[in-house]
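Below is one structure; the comments refer to it alone.
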Amino acid sequence: MKHLLGLQGVPEEEIYAILDTAKSFRELLDRPVKKVPSLRGTTIVNLFFENSTRTRISFELAEKRLSADLINFTSSGSSISKGETLLDTVHNIESMKIDLVVVRHSGAGVPAFLAKNTHAIVLNAGDGAHEHPTQALLDMFTMRQRFGEIKGLRVAIVGDIRFSRVARSNAWGLKTLGADVVFCGPPTLMPGDMSDLGVEIAPNLEQAVRGADVVMALRVQRERQNDGYLASEREYRACYGITRERLDAWNPSAMVMHPGPVNRNIELDSEVADSEQSVILDQVTNGVAVRMAALYLLAGGIGK
Amino acid sequence: MKTLLHDAKVWENGRFVPREWTLLTENGTEFPAAAPEGIEPVEAAGQYLLPALAELHADFRQPGLEHIYTFASGFEAMLRGGFSCALLTPEEHPVIDNPSVVELVRRQVENLPVDMRIAAAISADLKGELLPEMVEMVHAGATAFSNGLKGLPTTRYLELALTYAKQCPCRVHLFPTERAWSSGVSVPAGHVADLYGLPGRPEFAETISVFRIIEVARAVGAPVHVKHVTLPSSVEMIAKAKAEGVDVTCDVPLMDLAFDEEDLVGLDASLHLVPPLRSAARRAKMAELVRAGAVDAVAAQHIPVLPERKTDHFSATEPGSVGLETAFPLLLEVLGGASEETLARAVELFSAGPRRVLGLGPADAAGEWMLWDPDATLIVSSSDFAGAVSNSPLMGQTLKGRCRALVLRGELLGA
């Protein structure tokens, strides 16, 4: 694997290679000394063109635990709006002899664009509504921790599917590993054509949640209401909120996940988010291990 | 000026006639039995003398964006592509929406050997709210009206504008789109948009707008041209309206016949185009309709974009492609080869058809010809394009045939 641009088309063995490697790093995170010298001498730039707290911190921590040298670049909005093209920005950074670029951007396809136009190794930390591969990998790692196997699992992903890179990456990765994926959300927030993803569409929340091993709630963005996709948060919760009552009635044993940050009592009730069923904080911890694994495996190609 | 061709095949009333000698002068075309003395003949064995082409959407970026492209660059592109006529479309740099700007443009283009015609804006600032001085703009040199690639916001404004335009001898060129889908990233709604999570432009944004234009044109009795239709159902609506007596014409963007939605996988910014590319099935059906003669014209849609506005991620890039230089060989490829039958069809679509839309007679009757070499091969590179742009999705591709020269009123240009 030269880059990690998304999970579409990534073969099963490569996904398992990351998940298996992450397992070792996850064990490391429980030790008193959490640092290894694996990426000593490797220079990584975290290129965040979009606001992010947890993903950026998770990557930073992963890079520090691997002893890489890192630089943070944060800028919201298009580089064009500042009078500089994205390519110029990247060439400037590349001139500083960077080995690996971790990039987040609001534009779909930015990581692929960088991979095509630079010599650096590119890791996608989220591009528009397209893909967020490390989030899906940490979700799969967390599922594997609980269930042992991904194959045969039924994963319900609920909410704003249309604008969710998390949903897309999870669908690609989970399908490759043999899980069944079911999407559910308000019709205005569902893509029109999901034939490529090969997922099932549930007509209502009950059908999505019943029989699912995993229920993943997605974050509802406030701007969706302003853009006319949603009537109100109240109505969203009434139709698609993961509440205690619904879980008790339909699926008391499902594992509950959320990519964070959670809008409590809108897409996910506090009572559920803070319950034994929820693995939200495990996802955060596992995220560091999974990102360490992805960085480690990608950087393995440096100098070869 | 006189040009003497040796052994060219000459377009005469829709047929190709081999002529040993063809003498082109300011006053017309003659076929002398022997070479007239004192004129150096141009060898044209195996080449065709075709009516010069006409383009219905040229944005040469002047006035206002001369750092990108100029009328001189546009003239160069027309020469290379075999175009003697192009309709300048009103865009926002500044908008051609008052007599002074029309006059300014006219003065800059009127002495060029080619015919650059001015489409003035059908609404002030292209906003679709206030009427511009249409009569005065016609007096200043406008020969058509248009709203560029912007949709009109209300049917009421469309009715007002078409009604007001009736006092001018001009066809109104309208791009069928709902205003809400006039800006932002241009990809079709469908599986590729959903793959990347991009907001796709639905087909009904075009078809509803086509219906609206037809119905208002029917009610008002104004001549309209529907620009850049991409869907078979749009073509069918227009054909039906024509049969019912509505004065409506249409063109199909050439790139939509050459590429489709599947080509957008990978988000190549050179395919960021308005209107968006459609599905492979729609493209195939449109090509069939174009071959069958169901549309009046094709349009190259010449929109120069600087390299830095194309070297970014897809959503941040500017839509548009340059195309005059490569348009005719690409159309032949789309139509299925270089037989004389195909060549005749291409002449109809890129010369006679668009000229009728513009109210002009045949190019050959006006002494405007293109010398076409069907055996030349063009491997498209940046040097094939005029100006400092090369925003074409055809870069690196091989095209068969090439315009060798324009012959305008006896004068050989661009050879």
Side-chain angles (χ1 to χ4, degrees), chain A residues 5-6 8-9 49 77-91 103 105-117 124 126-132 160-169 171-172 183 188-199 227-229, chain B residues 67-68 178-181 183-205 260-272 276-282 305-320 388-389 391 395-396:
Chain A
L5 306 177
Q8 184 189 3
F49 291 97
S78 161
S79 51
I80 277 180
S81 64
K82 298 182 296 169
E84 184 174 58
T85 68
L86 177 63
L87 197 58
D88 281 340
T89 307
V90 171
H91 281 160
V103 62
H105 200 289
S106 59
V110 166
F113 176 83
L114 297 189
K116 194 177 159 194
N117 291 290
N124 181 4
D127 63 326
H130 179 218
E131 286 233 38
H132 191 357
D160 176 3
I161 308 288
R162 182 175 185 158
F163 297 103
S164 175
R165 50 195 174 208
V166 176
R168 281 180 182 76
S169 283
W172 290 119
F183 281 170
T188 46
L189 292 176
M190 294 293 276
D193 184 345
M194 276 165 292
S195 51
D196 291 321
L197 288 167
V199 297
D227 293 344
Y229 292 100
Chain B
H67 63 293
I68 300 175
E178 292 280 298
R179 188 81 172 185
W181 284 287
S183 56
V185 66
S186 177
V187 291
H191 82 107
V192 176
D194 287 333
L195 180 70
Y196 292 103
L198 295 171
R201 297 187 182 187
E203 294 188 348
F204 59 74
D260 59 49
E261 183 186 18
E262 300 309 315
D263 297 305
L264 287 170
V265 174
L267 296 179
D268 174 0
S270 73
L271 288 169
H272 192 190
L277 299 171
R278 300 294 183 185
S279 70
R282 296 278 189 267
V305 178
L306 286 177
E308 52 266 34
R309 296 307 312 270
K310 282 287 188 185
T311 45
D312 208 305
H313 69 94
F314 194 88
S315 301
T317 58
E318 192 175 332
V389 302
N391 54 302
M395 292 286 277

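Quick caveat: nothing in here was measured; it's all calculated off a predicted structure.
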Inset, instruction - Look at the aromatic rings of B/Tyr196 and A/His130 and report parallel, tilted or perpendicular, splitting at 30° and 60°. - result: tilted
Inset, instruction - Kindly say whether B/Asp194 contributes a backbone atom to a donor-acceptor pair with the side chain of A/Arg168 at under 3.5 angstrom? - result: yes
Legend entry - Interchain contact, B/Leu198 with chain A, by part (heavy-atom threshold 4.5 Å): side chain
Legend entry - Best-contacting candidate, A/Asp127, A/Asp193, A/Asn117, A/Leu197, against chain B by heavy atom pairs under 4.5 angstrom: A/Asp193
Inset, instruction - Give, for atom NZ of A/Lys116 and atom CG of B/Leu267, the distance between the pair rounded to the nearest 0.5 Å. - result: 10.5 Å
Legend entry - Which atoms of A/Gln8 approach chain B - backbone, side chain, both or neither, heavy atom under 4.5 Å: side chain
Legend entry - Shortest non-hydrogen contact between B/Gly197 and A/Ala129, atoms and distance: O-CB, 3.5 Å
Legend entry - Selection from A/Ser164, A/Ala167, A/Pro191 maximising heavy-atom pairs under 4.5 Å formed with chain B: A/Pro191
